[in-house]
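Structure first, then comments.
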Amino acid sequence: MSVCPSCEEPLEEADRFCGACGYDLSAAPRPGAPDATEEPASVEWPAAPDLDSSDLPAPVHLSTDLRGTDSGGSELPAAVRFDDPPSDDGFRIAAPDPRTATPEELGTSTPPAGTKLCVACRAGHVDPDGYCENCGHAQPRERDHMEQELGAVAAVSDRGLRHHRNEDSFAISSAALPDGSAAVVAVVCDGVSSATRPDDASLAATRAATEALHEALPRGTHPQQAMHESIVAAAEAVNALADEPETAREHKPHQNAPACTFVASVVTKELLIVGWIGDSRAYWVPDDREAPAARLTEDDSWAAQMVAAGLMSEAEAYADERAHAITGWLGADAYELEPHTASFKPDRPGVVVVCTDGLWNYAESADEMARVLPADAARNPLHSAQVLVGHALDGGGHDNVTVAVLPFPVPQSGAGSA
């Protein structure tokens with residue numbers, strides 16, 4: 001172009017823009033280029049043959065039969081490229097697709113003993129890092145949701161909807177007493193989130209307390225004394241977690257020692273024993289819902305102290321933002337270990353609900369807990385525990401949720417030890 005198409009000023013050969021009006025010369029049509037206003041040449045498409053007397057459908061044209069042209073009028077390649085199928089040396093899916101695989105294929109993909117299956121695709125094996133080798137899905141941690149049932153007792157624990165991990169822990173079991181009858185045991189601990197390693201603290205406490213009860217009860221130790229000893233053993237186990245090298249303290253001088261709350265119950269054919277430290281609770285709910293339910297524990301918390309001192313009503317105290325500040329816990333930095341134990345002789349059958357505050361925040365009073373608990377809790381403790389955890393999750397699930405359900409009196413199937 002010798003002149004600008006816009007202002008007709010003279011142009012140099014190397015100009016990309018007009019020096020007078022700034023017109024973009026690359027947008028101007030080059031000499032010899034087709035005019036954009038001209039109609040493109042029509043493409044002659046193959047005509048479809050008419051139907052014959054047999055009324056058979058017209059034959060279908062394949063993509064390779066239509067030669068066509070590209071936007072510049074040139075003919076397209078005569079054949080359509082197809083990708084080659086993957087070779088045997090290429091990537092292979094680690095497991096068959098469960099939606100299309102045959103039973104034989106699924107059977108051959110069964111992982112060896114001790115290997116976990118993916119919760120997402122239900123076919124791939126889970127590697128040591130916690131990811132599926134088939135679909136790559138990250139697996140939930142083992143403690144995110146736990147369920148266990150041992151005949152006369154069941155427990156369920158869930159991470160909840162707001163926390164990134166489950167800091168609760170539980171242990172349920174059954175021990176044989178010297179007279180041959182059974183004692184059903186449930187221990188529930190809630191890690192203190194503001195402390196270091198709260199999940200380790202709750203796990204250590206539940207294990208130590210359960211071991212102590214299984215040592216004391218078969219020897220004939222009174223269940224209430226055995227409960228006291230189990231709380232002391234749990235406290236020692238949590239205290240041991242705080243033994244760190246001095247260098248660790250130097251790097252993290254403001255670390256709090258591992259800590260947790262504690263609640264447990266032992267149910268025999270005649271007695272109901274509870275023990276606790278902190279604000280985890282135990283409730284009594286009779287099978288006859290016309291009879292009153294009861295809370296069996298008193299919180300070690302700021303709200304409970306205000307109520308006990310007569311300074312505030314229970315409603316006012318628990319509405320305060322300081323209500324859940326605990327005044328007692330298991331841990332090396334606890335003020336003083338004061339195990340609480342209580343013994344009861346219920347006059348009718350019922351169930352004991354042992355839980356963390358992740359549940360009772362959504363069913364605080366004994367009557368509220370009784371309304372949420374299914375009527376057949378004594379016969380179906382696992383289902384009842386699942387319902388209670390579901391109630392907390394439906395309410396918001398702001399905390400980890402753990403609950404154990406123990407029928408009273410102990411059914412005959414509860415005998416034995418575990």
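The shortest distance between side-chain heavy atoms of Tyr335 and Trp329 falls below 4.5 Å. Counting heavy atoms from C-beta outward, Asp399 and Asp357 have side chains that approach closer than 4.5 Å. Side chains of Val274 and Phe344 form a contact here, defined as non-hydrogen atoms less than 4.5 Å apart. The shortest distance between side-chain heavy atoms of Asn361 and His398 does not fall below 4.5 Å. Two residues are said to be in side-chain contact when any heavy atoms from C-beta on lie closer than 4.5 Å; Asp190 and Cys260 fail this criterion. Cys132 is not listed as a side-chain neighbour of His125, based on a closest heavy-atom distance of 4.5 Å or more. Using a 4.5 Å cut-off on side-chain heavy atoms (C-beta onward), Leu217 and Pro223 make contact.
Between Thr327 atom OG1 and Ile277 atom CD1 the span is 9.5 Å, to the nearest 0.5 Å. Of the inter-residue distances, the one linking Trp284 atom CH2 with Leu406 atom CG reads 11.0 Å to the nearest 0.5 angstrom. In this structure, the separation between CG on Leu272 and OG on Ser265 is 5.0 Å, given to the nearest 0.5 Å. Here the straight-line distance linking atom NE2 of His214 with atom OG of Ser174 works out to 7.5 Å at 0.5 Å rounding. Here the NZ atom belonging to Lys345 is positioned 9.0 Å from the OG1 atom belonging to Thr268, to the nearest 0.5 angstrom. Here Thr196 contributes atom OG1 and Leu241 contributes atom CG; the two are 10.5 Å apart, rounded to the nearest 0.5 Å.
Judged by distance alone, with hydrogens and angles left aside, the side-chain atoms of Tyr283 form a donor-acceptor pair with the main-chain N or O of Glu364 at under 3.5 Å. One N or O on the side chain of Asn400 and one on the backbone of Arg165 form a donor-acceptor pair closer than 3.5 Å.
The existence of a salt bridge linking Glu290 and Arg348 is excluded, since no basic side-chain nitrogen approaches an acidic carboxylate oxygen closer than 4.0 Å.
In this structure, a donor-acceptor pair under 3.5 Å is present between the side chains of Ser202 and Arg143. In summary, the side chains of Ser280 and Thr356 do not present any donor paired with an acceptor at a separation below 3.5 Å, with no hydrogens or angles considered.
For Ala264, the side chain to side chain contact (heavy atoms under 4.5 Å, CB included) partners at least two apart in sequence or on another chain are Val187, Met227, Phe262. When the side chain to side chain contact (heavy atoms under 4.5 Å, CB included) test is applied to Val387, the partners found at least two apart in sequence or on another chain are Pro374, His383. Applying the side-chain hydrogen bond (donor to acceptor under 3.5 Å, both in side chains) rule to Asp320 yields the partners Arg322; only residues at least two apart in sequence or on another chain are considered. With sequence neighbours left out, Ala308 forms a side chain to side chain contact (heavy atoms under 4.5 Å, CB included) with no residue at all. His391 pairs by the ring-ring contact (aromatic ring centres under 6.0 Å, His included) definition with nothing, not counting sequence neighbours. Residues forming a side-chain hydrogen bond (donor to acceptor under 3.5 Å, both in side chains) with His340 (at least two apart in sequence, or on another chain): Asp300. Remark: Ala216 engages Arg219, Thr221, Ala226, Glu229 in a side chain to side chain contact (heavy atoms under 4.5 Å, CB included) (not counting sequence neighbours). Residues that satisfy the salt bridge (Lys or Arg N to Asp or Glu O under 4.0 Å) test with Glu298, not counting sequence neighbours, are absent from this structure.
When the shell of 6.0 Å around OH of Tyr131 is examined, it contains 12 or fewer heavy atoms from other residues, nucleotides or ligands.
Tested against Val354, the residues Leu359, Val403, Thr297, Val263 include a single side chain to side chain contact (heavy atoms under 4.5 Å, CB included) partner, Val263.
Closest non-hydrogen pair, Ala293 versus Ala370, comes out as CB-CB, 4.0 Å. Scanning both residues, Ala171 and Thr210, for their nearest heavy atoms gives CB-OG1, 3.3 Å. Residue Ala233 comes nearest to Ala208 through the heavy atom pair O-CB, 3.7 Å, listed as atom of the first residue, atom of the second, then distance. Of all non-hydrogen atoms in Asn239 and Gly331, the two that sit nearest each other are OD1-C, 3.0 Å. Shortest non-hydrogen contact noted between Val267 and Pro407 is CG1-O, 3.7 Å. Scanning all heavy atoms of the two residues, the minimum distance from Ala205 to Leu330 falls at CB-CD1, 4.3 Å.
Between Tyr318 and Trp302, the distance from one ring center to the other does not fall under 6.0 angstrom.
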* To do: Start with the C-alpha distance between Val353 and Met369, add both sets of side-chain angles, then the distance that settles side-chain contact (heavy atoms from CB on, under 4.5 Å), and finish with yes or no.
  => CA-CA 9 Å; Val353 177; Met369 187 66 70; 4.2 Å; yes
* Under the side-chain contact (heavy atoms from CB on, under 4.5 Å) criterion, do Ile172 and Val185 qualify, and how do the steps go? -> CA-CA 6 Å; Ile172 58 175; Val185 177; over 6 Å; no
* To do: Start with the C-alpha gap between Glu316 and Val307, add the side-chain angles, then the distance that decides, and say whether side-chain contact (heavy atoms from CB on, under 4.5 Å) holds.
  => CA-CA 9 Å; Glu316 293 172 338; Val307 174; over 6 Å; no
* Determine, stepwise, if the pair Val401 / Asp168 fulfils side-chain contact (heavy atoms from CB on, under 4.5 Å). => CA-CA 7 Å; Val401 189; Asp168 290 355; 5.6 Å; no
What pairs of donor and acceptor atoms, side-chain ones from residues 151-159 against any protein atom, are under 3.5 angstrom apart with sequence neighbours left out?
residue : atom : partner : partner atom : Å
Ser157  : OG   : Asn166  : ND2          : 2.9
Ser157  : OG   : Thr402  : OG1          : 2.7
Asp158  : OD1  : Gly160  : N            : 2.8
Asp158  : OD2  : His145  : ND1          : 2.6
Arg159  : NE   : His163  : O            : 3.4

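Screening residues 355-374 for ring pair (Phe, Tyr, Trp, His ring centres under 6.0 Å), with sequence neighbours left out, gives His324-Trp360. For residues 366-379, every residue pair satisfying the side-chain hydrogen bond (donor to acceptor under 3.5 Å, both in side chains) rule, not counting sequence neighbours, is listed here: Ser365-Glu368, Asp376-Asn380. For the salt bridge (charged side-chain N to carboxylate O under 4.0 Å, His left out) condition, the pairs that include at least one residue of residues 262-289, sequence neighbours left out, are Asp179-Lys269, Arg281-Asp299.
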